[in-house]
K.L.:
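I have a structure I would like to understand better, so I am pasting it below and will then ask my questions one at a time.
Worth knowing before you read on, the calculation uses all heavy atoms, side chains too, and leaves out hydrogens, waters and symmetry mates. When a ligand or atom number is given, it counts from 1 through the structure's own listing order. Counting from 1, the numbers follow the sequence of the chain as shown.
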Amino acid sequence: MNSVQSVVSCLDGYDPDALAVDKAKEAIRACLTPVADVERVAVRAALGRVLAERIVPAIDVPAHDNSAMDGYALRFADLKPGADSAFQEVGAAFAGRKFDGKVGAGQCVRVMTGAVMPAGADTVVIQEVVRAEGGRIVVPAGQKAGQNVRSAGEDLKTGVAVLHPGQPLRPAELGLIASLGIAEVEVRRRLRVAFFATGDELASIGAPLAQGEVYDSNRYTLHGMLTRLGVEISDLGVVRDDPAQLEAAFHKAAAGADVVITTGGVSVGEADFIKQLMAQLGEVLFWKIAMRPGRPMAFGRIGKAALFGLPGNPVAVMVTFYQFVRDALLYLSGRTDDYTVPLLKVPVMAALRKVPGRTEFQRGILSRDANGEWKVRLTGQQGAGVLRSMSEANCFVVLEHARGNVAAGDLVSVQLMEGLA
Ligand code: AMP
Ligand code: MG
């Protein structure tokens with residue numbers, strides 16, 4: 001990864017104490033280099049991976065002209081314009097079993113969907129419109145030349161690249177690769193992400209809760225968010241606010257990982273030694289981001305790994321993850337498509353208070369009103385520690401940096417959470 005300070009200080013309007021969300025994203029990207037290692041995997045195992053090669057068809061798909069419908073294949077030239085035409089049925093073709101002869105003048109062949117077009121025929125008339133009369137097949141007027149025929153190569157053409165490096169492989173791409181008869185593809189290796197939670201007050205599930213303690217939930221939301229992104233995870237547990245234990249954890253995390261994520265310890269009220277330690281072990285910047293929740297965040301490098309020091313508050317962890325870490329991980333994974341989560345404009349049901357000068361990610365519920373129109377409302381309490389607000393929400397209401405108070409009925413930007421996975 002590139003030297004952090006020298007990269008970010010070149011960015012226009014970079015201010016670590018009042019960093020706009022977009023600036024922070026830009027700064028993070030500028031410091032990262034996508035993983036280069038590739039591996040070959042079987043098609044099924046490629047789901048969710050990032051393609052590392054160009055896929056160039058060695059065959060046409062479909063390989064032959066074939067019928068798109070059940071019906072009769074014939075020569076268009078044999079149809080009388082404006083009148084019924086009678087044909088002699090000379091055979092049949094099925095998907096996987098072709099007609100061996102040739103269709104001559106006044107002849108037709110019964111064809112099923114997917115059957116290779118019989119030689120000589122150029123047009124298929126669907127079975128529903130023909131009638132059998134005196135041993136002949138009668139076709140009404142109004143047919144079009146070449147209708148109901150799928151031409152060879154109309155899906156994929158030999159030699160014309162169809163998939164490119166940097167594309168994520170979704171179910172459609174798996175099918176497409178299989179349709180070319182390809183069994184293995186080259187993909188970027190998976191990212192390795194190590195994480196731990198910091199805090200003297202944290203108890204682990206399974207242990208009783210002592211006075212003043214809270215159960216650690218951040219490692220579980222991180223587990224979920226990282227797993228959905230398809231990265232290899234290494235959960236290093238809860239680490240006390242103790243210099244020696246933290247140092248050991250940072251070393252262990254950075255040793256095998258591309259990215260290290262921590263939660264807690266970066267807020268103003270935290271003991272300074274955590275920040276000193278992070279800064280000492282690598283190159284780490286401490287940001288105050290103009291956003292809510294999630295104002296304090298550390299970003300930098302520990303050893304060879306990129307470091308995200310997320311805040312401790314459970315909602316802030318999720319918001320900073322979705323806004324910054326997700327973007328960084330997809331970039332690092334080699335994705336070259338646009339993976340920005342789209343913002344939809346939706347009317348808000350009640351007025352919202354908002355001060356200009358920071359981006360807010362309020363938790364919303366997008367639903368349809370009695371008229372079937374999509375509307376958004378907030379979940380209850382919006383505190384950075386109220387994880388229930390994330391659980392009740394199905395979207396973020398994104399209130400832009402410069403925006404002030406919002407009146408009921410105004411359009412607001414909404415980011416669906418499902419797209420964030
Ligand atoms: P910090 O950023 O370390 O000052 O933590 C801010 C708040 O988040 C405190 O109330 C912590 O108790 C809480 N917190 C920190 N880490 C966790 C965690 N892993 N799980 C749940 N709450 C946490
Ligand atoms: Mg703490």
Side-chain angles (χ1 to χ4, degrees), residues 16-17 19 24 193-227 233-250 252-253 257 259-281 284-300 302 307-325 358 360-363 379-393:
D17 291 322
L19 196 57
V193 179
F195 62 92
F196 56 90
T198 72
D200 280 338
E201 77 283 28
L202 300 181
S204 292
I205 54 177
L209 204 59
Q211 181 75 36
E213 287 185 340
V214 293
Y215 281 118
D216 157 42
S217 58
N218 289 341
R219 277 166 50 236
Y220 296 86
T221 49
L222 281 175
H223 173 92
M225 294 185 291
L226 289 165
T227 302
I233 58 181
S234 164
D235 180 348
L236 300 181
V238 168
V239 181
R240 303 275 144 224
D241 292 326
D242 165 80
Q245 289 184 40
L246 280 165
E247 183 169 352
F250 274 118
K252 194 168 171 198
V259 175
V260 174
I261 301 173
T262 63
T263 70
V266 293
S267 57
V268 178
E270 284 289 330
D272 271 345
F273 69 85
I274 299 187
K275 296 182 195 169
Q276 277 171 20
L277 186 64
M278 283 188 188
Q280 200 182 304
L281 296 174
V284 181
L285 305 173
F286 295 89
W287 288 339
K288 291 190 181 71
I289 302 178
M291 71 187 285
R292 191 153 128 163
R295 197 162 106 98
M297 190 175 104
F299 170 72
I302 300 260
L307 170 79
F308 289 88
L310 305 185
N313 272 310
V315 180
V317 168
M318 295 195 77
V319 170
T320 49
F321 183 95
Y322 281 141
Q323 301 308 321
F324 303 114
V325 184
R358 67 179 184 218
E360 292 193 7
F361 297 89
Q362 304 204 3
R363 275 73 70 207
T379 62
Q381 276 203 54
Q382 295 287 309
V386 183
L387 196 51
R388 184 160 54 87
S389 68
M390 282 297 296
S391 174
E392 287 173 357

K.L.:
One line per pair, note the atom names and distance for all nitrogen or oxygen contacts under 3.5 Å between ligand 1 and the protein.
P.N.:
| residue | atom | partner | partner atom | Å |
| --- | --- | --- | --- | --- |
| ligand 1 | 2 (O) | G312 | N | 3.0 |
| ligand 1 | 3 (O) | G265 | N | 3.1 |
| ligand 1 | 3 (O) | E270 | OE2 | 2.7 |
| ligand 1 | 4 (O) | S267 | OG | 3.0 |
| ligand 1 | 4 (O) | E270 | OE2 | 2.6 |
| ligand 1 | 8 (O) | G312 | O | 3.4 |
| ligand 1 | 8 (O) | N313 | N | 3.2 |
| ligand 1 | 8 (O) | N313 | OD1 | 3.4 |
| ligand 1 | 12 (O) | E201 | OE2 | 2.7 |
| ligand 1 | 14 (N) | G312 | O | 3.3 |
| ligand 1 | 16 (N) | N218 | ND2 | 3.4 |
| ligand 1 | 19 (N) | D216 | OD1 | 2.7 |
| ligand 1 | 19 (N) | N218 | ND2 | 3.1 |
| ligand 1 | 20 (N) | S217 | N | 3.0 |

K.L.:
Provide the full list of ring pair (Phe, Tyr, Trp, His ring centres under 6.0 Å) pairs with a residue in residues 206-225, sequence neighbours left out, each pair given once.
P.N.:
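Applying ring pair (Phe, Tyr, Trp, His ring centres under 6.0 Å) to every pair that reaches into residues 206-225, excluding sequence neighbours, yields nothing.
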K.L.:
Tell me the closest heavy-atom pair linking V315 and V386, and the distance in Å.
P.N.:
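Where V315 meets V386 most closely, the heavy atoms are CG2-O, 3.2 Å.
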K.L.:
Checking L202 against E213 for the side chain to side chain contact (heavy atoms under 4.5 Å, CB included) test, could you report, in this order, the C-alpha distance in whole Å, the side-chain angles of both residues, the deciding distance, and whether it holds?
P.N.:
CA-CA 6 Å; L202 300 181; E213 287 185 340; over 6 Å; no
K.L.:
For the ring pair F308 and F195, is the centre-to-centre distance below 6.0 Å?
P.N.:
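No, the ring of F308 stays outside the 6.0 Å limit from the ring of F195, centre to centre.
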K.L.:
Consider side chain to side chain contact (heavy atoms under 4.5 Å, CB included). Of M318, E360, R363, which one does P293 pass it with?
P.N.:
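Single pass found, and it is R363.
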K.L.:
What are the two closest non-hydrogen atoms of V238 and S204, and how far apart are they?
P.N.:
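Shortest heavy-atom separation between V238 and S204 comes out as CG2-OG, 3.9 Å.
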